[in-house]
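Beneath this line is the structure, given in structure tokens, with notes to follow.
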Number of protein chains: 2
Amino acid sequence: MGIQERKEREKAHMRQMILETALAIFQAEGFDKVSVRAIADRIEYSPATLYLYFKNKDDIFYALHEEGFRRFIEYQRRADVLDDPAQRLKKMGQDYLNFAVENPEYYDLMFIMAAPMREVSQEWSCGKEAFENLVKGVQDCLESGQILSGNVHTVSLGIWAFVHGLASLLLRGRLQIIPEEQREKAIEAALEYLDALLTHRPGR
Amino acid sequence: MGIQERKEREKAHMRQMILETALAIFQAEGFDKVSVRAIADRIEYSPATLYLYFKNKDDIFYALHEEGFRRFIEYQRRADVLDDPAQRLKKMGQDYLNFAVENPEYYDLMFIMAAPMREVSQEWSCGKEAFENLVKGVQDCLESGQILSGNVHTVSLGIWAFVHGLASLLLRGRLQIIPEEQREKAIEAALEYLDALLTHRPGR
DNA sequence: TTCATAAAATTAACATTGTTCAGTAACGGA
DNA sequence: TCCGTTACTGAACAATGTTAATTTTATGAA
């Protein structure tokens, strides 16, 4: 009686099909062009069919945002190759920005857009998990004793805000006040100040 | 022949009427509810009339975003009462966040939403002006010699990214990983690390 | 195979949306 | 009063998200 399982496979496959198509349109033509009908057209189903697999359009974006976090976690793991906690943390910051630049649509969904969050009922577990990974990195720095004073969560929040600030200003076109050719350099230079958040002694 | 001037007054008045209404809906019911028809209904004109005063809907948001910057500049000026450059800069950061919290819709338009930027043809003069005010604040700190090394524009970008990161994470619901009652405190605590960006010596 | 039931997919509709264009009403100067 | 310009509107268009009723398809039993 493997028929039940086959159906579940098919259901999962259909969901993935929808998500892949939605993402493809998002990447190729932008958020505004991601319509239920456009997705339905591409997968050669009726628009109404999508509602058998997702509650509504926001739910599709929520699922995409989850997929984004799965990829993001891999970026976070890249720092694990480094032994020195401080260097590891710095690489986490760099890779955060790398993720944003290399996956701008996912980043938008995960950290900027309103749509996916409307589907977050209780806890934003995706975000929480990713943040805890950062906290862990900061914790390691604290325990290794090389640097840093202050509350671990506060420092983590500061680091997140800093790199997210750079990423979101860039992705949402607010860094056009910097000439195109200098922009990347400027961001890299600013990122150097990540150290500052770690070496700083608050409340002086 | 004051008739021409009266017409211009009326035209300006109509524009303002539209903008005020758009903002009112935005503040009361959110971005999604700001429709051309909803605005037209409230001011008791036909939807088509709006297109005699604005090129399109994005153009309305662009005008709103400009108004936001006018109010923002006033927040920036609040720091002028302080004489010490470092304290002045810190207050600028605090007031930046105050603006975001007290005018979340304006902030969204100015620094997060995509819509207004689609109407920016060449130069984003609003943003440039506001940023230059920040640069000036950083410059003063450098010249007073109390603190800081490194490139003025780089530090300014870092400061902006930092405070914008906090503001945008908050406004877009990404800080719900922090319990409601601790959230404000956490942001305040993180903001203390603004100092870090100033006292830091890069490239060590 | 045949039939009833359950599941999957579609059709067609609804209420919105932004935007345009042909027409109408109001106004200003002659 | 007439005429031209300006201001405005009505109606339409194409596109959107979403739902209810209906049809098609697959399934397991007789």
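Proteins come first, then strands; the chains are lettered A, B, ... in the order of their sequence lines, and each starts at number 1. Scope of the values below: all heavy atoms of this structure, side chains included, with no hydrogens, waters or symmetry mates.
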- Message: Walk along nucleotides 3-17 of chain D from 5' to 3' and tag each nucleotide B, S or - by protein heavy-atom contact under 4.0 Å, base first, then sugar-phosphate.
- Response: -----BBB-B---BB

- Which atom of B/Ile112 lies closest to which atom of A/Arg172, heavy atoms considered: O-NH1, 2.8 Å

- Query: C/dA9 P sits how many Å from A/His13 NE2, rounded?
  - Reply: 12 Å

- For B/His65 and B/Cys126, work out which heavy atoms get closest and say how close. CE1-SG, 3.8 Å

- Note on the structure: The side-chain contact (heavy atoms from CB on, under 4.5 Å) partner of B/Leu64 among B/Leu19, B/Asp59, B/Ile18 is B/Leu19

- Message: Applying the side-chain contact (heavy atoms from CB on, under 4.5 Å) criterion to A/Val101, which one of A/Ile187, A/Leu171, A/Leu170 satisfies it?
- Response: A/Leu170

- Message: From CG of B/Asp41 over to C1' of C/dA15, roughly how many Å is that when rounded to an integer?
- Response: 14 Å

- Item | Flag side-chain contact, heavy atom, 4.5 Å: A/Leu89 against A/Asp140 | no

- Query: Tell me: CG of A/Leu50 to C1' of C/dA8, nearest whole Å?
  - Reply: 13 Å

- Message: Distance check needed: C/dC27 P versus B/Glu10 CD, whole Å only.
- Response: 10 Å

- Message: Output the rounded distance in Å from CD1 (B/Ile25) to C1' (C/dG18).
- Response: 15 Å

- Task: Identify the residue among A/Val155, A/Val152, A/Leu134 that makes a side-chain contact (heavy atoms from CB on, under 4.5 Å) with A/Gln139.
- Result: A/Val152

- Note on the structure: Separation of C/dG29 atom C1' from B/Gln4 atom CD, nearest Å, is 13 Å

- Atom CD of B/Glu5 and atom C1' of C/dG28: how far apart are they, to the nearest Å? 15 Å

